[in-house]
**Student:** 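After the C-alpha coordinates below, expect a handful of questions from me.
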Amino acid sequence: MAYGKYAPQPSSPSETESENTLFLDETSAKEELGKSHFTYSRVMLGLAILLVVTNTLSIFLWLKPTTPASAHPYYLVDSDGNTKSDTSSYIYHDFDDDFLNFDMDIAQKYWASLFPPGGGLVGLTTEEAEAMNLHTSIQGRSDPSKHVYLVAAFHQFHCLSQLRWVTIKAFEEPNWSLPNATYLHTMHCADVIRQSLMCNTDSTLIFKVHGEWPGEGGVRTCKNYQALWDWTVDHQYISMPDEDFVPHMY
(Lines give C-alpha, C1' and ligand atoms only; values in the text may rest on other atoms or scores of the structure.)
Protein backbone atom coordinates (compact mmCIF):
# COMPACT_ATOMS: atom_id res chain seq x y z
CA MET A 1 0.00 0.00 0.00
CA ALA A 2 1.08 3.62 -0.60
CA TYR A 3 0.76 4.35 3.12
CA GLY A 4 3.54 1.80 3.80
CA LYS A 5 5.93 3.70 1.52
CA TYR A 6 5.69 6.94 3.53
CA ALA A 7 5.27 5.50 7.03
CA PRO A 8 6.68 1.96 7.31
CA GLN A 9 5.14 -0.22 9.97
CA PRO A 10 7.47 -0.83 13.01
CA SER A 11 10.08 -3.50 12.38
CA SER A 12 13.16 -4.86 14.12
CA PRO A 13 16.57 -3.06 13.69
CA SER A 14 17.95 -5.95 11.73
CA GLU A 15 15.08 -5.81 9.28
CA THR A 16 15.54 -2.05 8.77
CA GLU A 17 19.26 -2.35 8.30
CA SER A 18 18.74 -5.17 5.85
CA GLU A 19 16.36 -3.01 3.74
CA ASN A 20 18.85 -0.10 3.65
CA THR A 21 21.70 -2.43 2.72
CA LEU A 22 19.79 -4.14 -0.03
CA PHE A 23 18.15 -1.14 -1.69
CA LEU A 24 19.71 2.19 -0.65
CA ASP A 25 22.79 3.59 0.97
CA GLU A 26 22.29 6.20 3.77
CA THR A 27 22.53 9.26 1.48
CA SER A 28 20.16 7.81 -1.11
CA ALA A 29 17.69 6.91 1.61
CA LYS A 30 17.58 10.51 2.86
CA GLU A 31 17.12 11.83 -0.68
CA GLU A 32 14.31 9.34 -1.34
CA LEU A 33 12.62 10.28 1.93
CA GLY A 34 12.81 13.98 1.00
CA LYS A 35 11.26 13.30 -2.39
CA SER A 36 8.49 11.31 -0.74
CA HIS A 37 7.65 14.16 1.67
CA PHE A 38 7.66 16.64 -1.26
CA THR A 39 5.30 14.45 -3.29
CA TYR A 40 3.01 13.98 -0.28
CA SER A 41 2.87 17.74 0.31
CA ARG A 42 1.96 18.40 -3.33
CA VAL A 43 -0.83 15.81 -3.20
CA MET A 44 -2.28 17.32 -0.02
CA LEU A 45 -2.09 20.85 -1.48
CA GLY A 46 -3.88 19.68 -4.63
CA LEU A 47 -6.62 18.04 -2.59
CA ALA A 48 -7.06 21.21 -0.52
CA ILE A 49 -7.41 23.36 -3.67
CA LEU A 50 -9.88 20.90 -5.18
CA LEU A 51 -11.95 20.96 -1.98
CA VAL A 52 -12.09 24.78 -1.98
CA VAL A 53 -13.12 24.88 -5.66
CA THR A 54 -15.86 22.25 -5.33
CA ASN A 55 -17.30 23.87 -2.20
CA THR A 56 -17.33 27.28 -3.87
CA LEU A 57 -19.06 25.83 -6.95
CA SER A 58 -21.63 24.02 -4.79
CA ILE A 59 -22.50 27.23 -2.92
CA PHE A 60 -22.80 29.15 -6.20
CA LEU A 61 -25.16 26.57 -7.70
CA TRP A 62 -27.22 26.47 -4.51
CA LEU A 63 -27.64 30.26 -4.45
CA LYS A 64 -28.25 30.58 -8.20
CA PRO A 65 -31.97 31.03 -9.02
CA THR A 66 -33.39 27.98 -10.75
CA THR A 67 -35.37 28.17 -13.96
CA PRO A 68 -38.24 25.70 -14.38
CA ALA A 69 -38.15 23.38 -17.37
CA SER A 70 -41.22 25.12 -18.72
CA ALA A 71 -42.46 28.59 -17.86
CA HIS A 72 -46.01 27.57 -18.71
CA PRO A 73 -48.47 25.16 -17.06
CA TYR A 74 -48.36 21.78 -18.79
CA TYR A 75 -51.84 22.07 -20.29
CA LEU A 76 -51.04 25.29 -22.18
CA VAL A 77 -48.52 23.61 -24.49
CA ASP A 78 -50.10 21.47 -27.22
CA SER A 79 -48.60 18.45 -28.98
CA ASP A 80 -47.08 20.72 -31.66
CA GLY A 81 -45.29 22.85 -29.07
CA ASN A 82 -47.63 25.82 -29.47
CA THR A 83 -48.44 27.77 -26.31
CA LYS A 84 -51.98 28.89 -25.58
CA SER A 85 -53.03 31.93 -23.56
CA ASP A 86 -52.97 31.30 -19.82
CA THR A 87 -56.14 33.32 -19.19
CA SER A 88 -59.63 33.69 -20.59
CA SER A 89 -62.49 36.07 -19.89
CA TYR A 90 -66.17 35.39 -19.43
CA ILE A 91 -69.33 37.10 -18.23
CA TYR A 92 -70.26 36.26 -14.65
CA HIS A 93 -73.85 35.24 -13.93
CA ASP A 94 -74.99 35.07 -10.33
CA PHE A 95 -78.40 33.51 -10.94
CA ASP A 96 -79.03 33.54 -14.66
CA ASP A 97 -77.57 30.64 -16.61
CA ASP A 98 -78.71 27.21 -17.72
CA PHE A 99 -76.74 25.41 -15.03
CA LEU A 100 -79.53 26.73 -12.80
CA ASN A 101 -82.36 26.05 -15.24
CA PHE A 102 -85.44 24.80 -13.37
CA ASP A 103 -86.03 22.36 -16.19
CA MET A 104 -83.85 19.59 -14.77
CA ASP A 105 -83.37 17.95 -18.18
CA ILE A 106 -81.78 21.12 -19.53
CA ALA A 107 -79.72 21.76 -16.41
CA GLN A 108 -78.55 18.15 -16.37
CA LYS A 109 -77.13 18.45 -19.88
CA TYR A 110 -75.09 21.48 -18.82
CA TRP A 111 -73.74 19.78 -15.73
CA ALA A 112 -72.90 16.64 -17.69
CA SER A 113 -71.01 18.80 -20.21
CA LEU A 114 -68.48 19.68 -17.49
CA PHE A 115 -66.94 16.22 -17.79
CA PRO A 116 -64.72 15.29 -20.76
CA PRO A 117 -64.53 11.73 -22.09
CA GLY A 118 -63.00 9.60 -19.36
CA GLY A 119 -64.42 11.86 -16.66
CA GLY A 120 -61.15 13.74 -16.22
CA LEU A 121 -58.86 10.71 -16.09
CA VAL A 122 -55.67 10.93 -18.15
CA GLY A 123 -53.09 8.31 -19.04
CA LEU A 124 -49.39 9.23 -19.23
CA THR A 125 -46.40 7.12 -20.16
CA THR A 126 -43.56 6.74 -17.68
CA GLU A 127 -41.48 9.14 -19.78
CA GLU A 128 -44.24 11.78 -19.82
CA ALA A 129 -44.80 11.50 -16.06
CA GLU A 130 -41.07 11.80 -15.34
CA ALA A 131 -40.73 14.81 -17.67
CA MET A 132 -43.51 16.53 -15.70
CA ASN A 133 -41.87 15.52 -12.39
CA LEU A 134 -45.08 13.80 -11.25
CA HIS A 135 -45.51 11.45 -8.34
CA THR A 136 -45.75 7.84 -9.50
CA SER A 137 -49.36 6.78 -10.09
CA ILE A 138 -51.06 3.45 -10.67
CA GLN A 139 -50.93 1.74 -14.04
CA GLY A 140 -54.13 1.42 -16.02
CA ARG A 141 -55.77 -1.93 -16.56
CA SER A 142 -57.24 -1.10 -19.95
CA ASP A 143 -53.81 0.27 -21.01
CA PRO A 144 -50.96 -0.94 -18.74
CA SER A 145 -48.46 1.25 -20.62
CA LYS A 146 -50.05 4.33 -19.04
CA HIS A 147 -50.02 5.71 -15.51
CA VAL A 148 -53.46 7.04 -14.57
CA TYR A 149 -54.02 10.49 -13.09
CA LEU A 150 -57.21 12.44 -12.34
CA VAL A 151 -57.14 16.14 -13.23
CA ALA A 152 -58.06 17.90 -9.98
CA ALA A 153 -60.55 20.30 -11.58
CA PHE A 154 -62.75 17.41 -12.68
CA HIS A 155 -62.56 15.76 -9.27
CA GLN A 156 -63.80 19.07 -7.87
CA PHE A 157 -66.60 19.20 -10.45
CA HIS A 158 -67.55 15.69 -9.40
CA CYS A 159 -67.74 16.81 -5.78
CA LEU A 160 -69.78 19.88 -6.65
CA SER A 161 -72.13 17.63 -8.62
CA GLN A 162 -72.45 15.36 -5.58
CA LEU A 163 -73.52 18.29 -3.39
CA ARG A 164 -75.98 19.41 -6.06
CA TRP A 165 -77.43 15.91 -6.38
CA VAL A 166 -77.98 15.57 -2.62
CA THR A 167 -79.64 19.01 -2.51
CA ILE A 168 -82.03 18.16 -5.37
CA LYS A 169 -82.78 14.75 -3.89
CA ALA A 170 -83.64 16.23 -0.48
CA PHE A 171 -85.79 18.93 -2.10
CA GLU A 172 -87.71 16.59 -4.39
CA GLU A 173 -88.14 13.83 -1.81
CA PRO A 174 -88.66 15.40 1.64
CA ASN A 175 -88.94 11.97 3.27
CA TRP A 176 -85.70 10.75 1.74
CA SER A 177 -83.25 9.47 4.33
CA LEU A 178 -79.57 10.12 3.60
CA PRO A 179 -77.67 6.79 3.66
CA ASN A 180 -74.52 6.71 5.78
CA ALA A 181 -72.23 6.06 2.79
CA THR A 182 -73.79 8.98 0.88
CA TYR A 183 -73.36 11.24 3.90
CA LEU A 184 -69.67 10.36 4.23
CA HIS A 185 -69.11 10.79 0.49
CA THR A 186 -70.85 14.17 0.49
CA MET A 187 -68.89 15.44 3.50
CA HIS A 188 -65.68 14.31 1.81
CA CYS A 189 -66.70 16.28 -1.28
CA ALA A 190 -67.48 19.39 0.77
CA ASP A 191 -63.94 19.27 2.16
CA VAL A 192 -62.41 18.70 -1.29
CA ILE A 193 -64.08 21.91 -2.45
CA ARG A 194 -62.93 23.74 0.70
CA GLN A 195 -59.33 22.76 0.05
CA SER A 196 -59.60 23.77 -3.60
CA LEU A 197 -61.02 27.21 -2.74
CA MET A 198 -58.27 27.82 -0.20
CA CYS A 199 -55.58 26.67 -2.64
CA ASN A 200 -56.94 28.78 -5.51
CA THR A 201 -58.12 31.79 -3.57
CA ASP A 202 -60.21 34.09 -5.77
CA SER A 203 -59.50 37.72 -4.90
CA THR A 204 -62.16 39.18 -7.22
CA LEU A 205 -64.07 42.08 -5.62
CA ILE A 206 -67.74 41.46 -6.42
CA PHE A 207 -69.80 44.61 -6.96
CA LYS A 208 -73.46 45.10 -6.06
CA VAL A 209 -76.03 47.11 -7.98
CA HIS A 210 -79.50 47.76 -6.57
CA GLY A 211 -82.06 45.36 -7.97
CA GLU A 212 -79.51 42.91 -9.38
CA TRP A 213 -77.68 39.90 -8.12
CA PRO A 214 -74.14 40.57 -6.82
CA GLY A 215 -71.60 40.72 -9.63
CA GLU A 216 -74.20 40.05 -12.34
CA GLY A 217 -72.78 40.78 -15.81
CA GLY A 218 -69.25 41.46 -14.61
CA VAL A 219 -66.27 40.34 -16.67
CA ARG A 220 -64.07 37.75 -14.97
CA THR A 221 -60.52 36.92 -16.00
CA CYS A 222 -59.74 33.28 -15.24
CA LYS A 223 -57.34 30.49 -16.00
CA ASN A 224 -57.78 29.04 -19.47
CA TYR A 225 -60.27 26.30 -18.69
CA GLN A 226 -60.71 25.36 -22.35
CA ALA A 227 -56.99 24.69 -22.65
CA LEU A 228 -57.15 22.32 -19.67
CA TRP A 229 -60.19 20.61 -21.18
CA ASP A 230 -58.42 20.16 -24.54
CA TRP A 231 -55.29 18.73 -22.90
CA THR A 232 -57.39 16.34 -20.82
CA VAL A 233 -59.23 15.12 -23.92
CA ASP A 234 -55.94 14.63 -25.77
CA HIS A 235 -54.60 12.47 -22.92
CA GLN A 236 -57.87 10.87 -21.86
CA TYR A 237 -57.87 7.46 -20.23
CA ILE A 238 -61.01 5.37 -20.65
CA SER A 239 -61.17 3.04 -17.68
CA MET A 240 -62.65 -0.40 -17.38
CA PRO A 241 -66.05 -0.62 -15.63
CA ASP A 242 -64.64 -2.19 -12.47
CA GLU A 243 -61.68 0.15 -12.01
CA ASP A 244 -62.33 1.89 -8.70
CA PHE A 245 -60.83 5.31 -9.44
CA VAL A 246 -63.57 6.34 -11.88
CA PRO A 247 -65.32 9.53 -10.67
CA HIS A 248 -69.11 9.47 -10.70
CA MET A 249 -70.84 12.02 -12.88
CA TYR A 250 -74.24 13.49 -12.12
Side-chain angles (χ1 to χ4, degrees), residues 61-62 64-90 99 108-165 181 184-203 220-250:
L61 293 175
W62 180 66
K64 183 180 178 181
T66 57
T67 302
S70 173
H72 305 285
Y74 65 88
Y75 60 88
L76 294 180
V77 182
D78 63 22
S79 57
D80 295 325
N82 301 314
T83 303
K84 301 179 180 180
S85 172
D86 60 345
T87 60
S88 61
S89 299
Y90 81 104
F99 284 92
Q108 189 68 13
K109 291 179 181 179
Y110 276 84
W111 281 89
S113 71
L114 292 172
F115 297 91
L121 292 174
V122 296
L124 303 176
T125 64
T126 299
E127 292 73 19
E128 290 172 326
E130 289 178 349
M132 296 170 68
N133 197 30
L134 297 178
H135 193 289
T136 301
S137 192
I138 58 176
Q139 288 180 287
R141 289 177 55 194
S142 61
D143 185 355
S145 69
K146 300 293 182 63
H147 295 275
V148 183
Y149 296 85
L150 174 59
V151 178
F154 300 108
H155 182 206
Q156 294 149 17
F157 279 144
H158 151 70
C159 279
L160 190 58
S161 295
Q162 171 70 12
L163 293 172
R164 172 179 177 267
W165 176 80
L184 294 174
H185 181 192
T186 304
M187 294 304 292
H188 153 76
C189 275
D191 197 58
V192 166
I193 295 173
R194 174 194 66 80
Q195 293 182 59
S196 175
L197 291 173
M198 293 180 71
C199 183
N200 300 282
T201 304
D202 187 347
S203 60
R220 304 288 292 273
T221 300
C222 310
K223 290 183 178 179
N224 192 338
Y225 171 73
Q226 187 61 48
L228 179 61
W229 170 281
D230 293 341
W231 184 91
T232 303
V233 170
D234 289 342
H235 296 80
Q236 64 184 270
Y237 175 84
I238 306 300
S239 59
M240 298 176 69
D242 58 345
E243 288 184 277
D244 59 4
F245 46 74
V246 181
H248 298 287
M249 294 176 287
Y250 298 100

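Note that the numbering runs from 1 along the sequence shown for the chain.
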**Student:** State, to 0.1 Å, how close Leu76 and Ala227 come at their nearest heavy-atom pair, and which atoms those are.
**Tutor:**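 In terms of heavy atoms, the two residues are closest at CD2-CB, 3.8 Å.
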**Student:** When you compare the side chain of Trp111 with that of Trp165, does any pair of heavy atoms fall below 4.5 Å?
**Tutor:**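 No, their side chains stay 4.5 Å or more apart.
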**Student:** Main chain of Ser142, side chain of Tyr237: is a donor-acceptor contact present, judged purely on distance under 3.5 Å?
**Tutor:**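 Present.
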**Student:** Output all residues satisfying ring pair (Phe, Tyr, Trp, His ring centres under 6.0 Å) with His147, sequence neighbours left out; order by chain, then residue number.
**Tutor:**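 Result, ring pair (Phe, Tyr, Trp, His ring centres under 6.0 Å) vs His147: none returned.
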**Student:** Go through the structure and list residues passing salt bridge (Lys or Arg N to Asp or Glu O under 4.0 Å) with Asp86, not counting sequence neighbours.
**Tutor:**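 Scan of Asp86 (salt bridge (Lys or Arg N to Asp or Glu O under 4.0 Å), adjacent residues dropped) gives none.
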**Student:** Excluding sequence neighbours, so at least two apart, what forms salt bridge (Lys or Arg N to Asp or Glu O under 4.0 Å) with Asp143?
**Tutor:**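 Asp143 satisfies salt bridge (Lys or Arg N to Asp or Glu O under 4.0 Å) with Lys146 once adjacent residues are dropped.
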**Student:** Is any side-chain heavy atom of Gln139 closer than 4.5 Å to one of Val148?
**Tutor:**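 Val148 does not reach Gln139 side chain to side chain.
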**Student:** Just wondering, do Leu121 and Ser239 contact through their side chains at under 4.5 Å, heavy atoms?
**Tutor:**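 The answer is yes, as the side chains (C-beta and beyond) meet within the 4.5 Å cut-off.
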**Student:** Considering residues at least two apart in sequence or located in another chain, which fulfil the side-chain contact (heavy atoms from CB on, under 4.5 Å) criterion with Asn133?
**Tutor:**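 By the side-chain contact (heavy atoms from CB on, under 4.5 Å) rule, Asn133 matches no residue at all.
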**Student:** Under 30°, 30 to 60°, or over 60°: which ring-plane class applies to Tyr225 and Phe157, parallel, tilted or perpendicular?
**Tutor:**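 Geometry flag for Phe157 against Tyr225: perpendicular rings.
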**Student:** Can you confirm whether Thr186 sits close enough to Leu163 that some side-chain heavy atom of one is under 4.5 Å from a side-chain heavy atom of the other?
**Tutor:**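 Heavy-atom side-chain distance check passes, below 4.5 Å.
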**Student:** Assess whether atom OH of Tyr110 is packed by more than 12 heavy atoms of other residues, nucleotides or ligands within 6.0 Å.
**Tutor:**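 Counting other residues, nucleotides and ligands, OH of Tyr110 stays at 12 neighbours or fewer.
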**Student:** Test: salt bridge (charged side-chain N to carboxylate O under 4.0 Å, His left out). Region: residues 113-123. Which pairs qualify, not counting sequence neighbours?
**Tutor:**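 Not a single pair qualifies under salt bridge (charged side-chain N to carboxylate O under 4.0 Å, His left out).
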**Student:** Using modelled atom types only, decide if a donor and an acceptor are shared between the side chain of Gln236 and the backbone of Val233 within a distance under 3.5 Å.
**Tutor:**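 Yes; at least one donor-acceptor contact below 3.5 Å.
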**Student:** Angle class for the His158/His155 ring planes (parallel below 30°, perpendicular above 60°, tilted otherwise)?
**Tutor:**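 Plane angle under 30°, so parallel.
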**Student:** Which residue pairs satisfy the salt bridge (charged side-chain N to carboxylate O under 4.0 Å, His left out) criterion with at least one member in residues 149-158, sequence neighbours excluded?
**Tutor:**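 Output for this query is empty, none listed.
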**Student:** Between Val151 and Val122, does the side-chain contact (heavy atoms from CB on, under 4.5 Å) criterion hold? Intermediate values first, please.
**Tutor:** CA-CA 7 Å; Val151 178; Val122 296; 4.0 Å; yes
**Student:** Which pair of non-hydrogen atoms, one from Leu114 and one from Trp229, has the smallest distance, and what is that distance?
**Tutor:**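 Closest pair (atom of Leu114, atom of Trp229, distance): O-CZ3, 3.3 Å.
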**Student:** What distance do Arg194 atom CZ and Cys199 atom SG have between them, rounded to the nearest 0.5 Å?
**Tutor:**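 It is 11.0 Å, given to the nearest 0.5 Å.
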**Student:** Just how far is it from atom OG of Ser113 to atom CD of Gln108, taken to the nearest 0.5 Å?
**Tutor:**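 CD of Gln108 is found 10.0 Å from OG of Ser113.
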**Student:** Which pairs, with at least one residue in residues 113-126 and sequence neighbours excluded, count as a salt bridge (charged side-chain N to carboxylate O under 4.0 Å, His left out)?
**Tutor:**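 Listed by first then second residue: nothing to list.
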**Student:** Taking only residues two or more places apart in sequence, or in another chain, which ones meet Tyr90 in a ring pair (Phe, Tyr, Trp, His ring centres under 6.0 Å)?
**Tutor:**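 With neighbours one apart ignored, the set is empty.
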**Student:** Name all pairs fulfilling the salt bridge (charged side-chain N to carboxylate O under 4.0 Å, His left out) condition that reach into residues 221-239, sequence neighbours left out, sorted by first residue then second.
**Tutor:**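 Checked against salt bridge (charged side-chain N to carboxylate O under 4.0 Å, His left out) - neighbours excluded - the pairs reaching residues 221-239 are Lys84-Asp230.
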**Student:** What pair of heavy atoms forms the shortest contact from Pro116 to Thr232, and how long is it?
**Tutor:**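 Nearest heavy atoms, Pro116 then Thr232: CG-CG2, 3.9 Å.
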**Student:** Of all residues at least two apart in sequence or in a different chain, which pass the salt bridge (Lys or Arg N to Asp or Glu O under 4.0 Å) check with Asp80?
**Tutor:**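 Here no residue qualifies.
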**Student:** Go through the steps to decide whether Leu184 and Met187 satisfy the test side-chain contact (heavy atoms from CB on, under 4.5 Å), and finish with yes or no.
**Tutor:** CA-CA 5 Å; Leu184 294 174; Met187 294 304 292; 5.9 Å; no
**Student:** Distance-only, no hydrogens or angles: does the Asn224 side chain make a donor-acceptor pair with backbone N or O of Ser85 under 3.5 Å?
**Tutor:**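 At least one qualifying donor-acceptor pair exists.
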**Student:** Under the side-chain contact (heavy atoms from CB on, under 4.5 Å) test, which residues partner Leu197, sequence neighbours left out?
**Tutor:**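 If we apply the side-chain contact (heavy atoms from CB on, under 4.5 Å) test to Leu197, skipping adjacent residues, the hits are Ile193.
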**Student:** What residues, two or more places apart in sequence or in another chain, satisfy side-chain contact (heavy atoms from CB on, under 4.5 Å) together with Met132?
**Tutor:**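 side-chain contact (heavy atoms from CB on, under 4.5 Å) list for Met132, sorted by chain: Tyr74, Leu124, Leu134, Trp231.
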**Student:** Which value, rounded to the nearest 0.5 Å, describes the distance between Gln162 atom CD and His188 atom NE2?
**Tutor:**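 One gets 9.0 Å once the value is rounded to the nearest 0.5 Å.
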**Student:** Looking at Glu127, is its backbone amide N or carbonyl O close enough to the side chain of Glu130 to form a donor-acceptor pair, meaning the two atoms are under 3.5 Å apart?
**Tutor:**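 No: the side chain of Glu130 does not pair with the backbone of Glu127.
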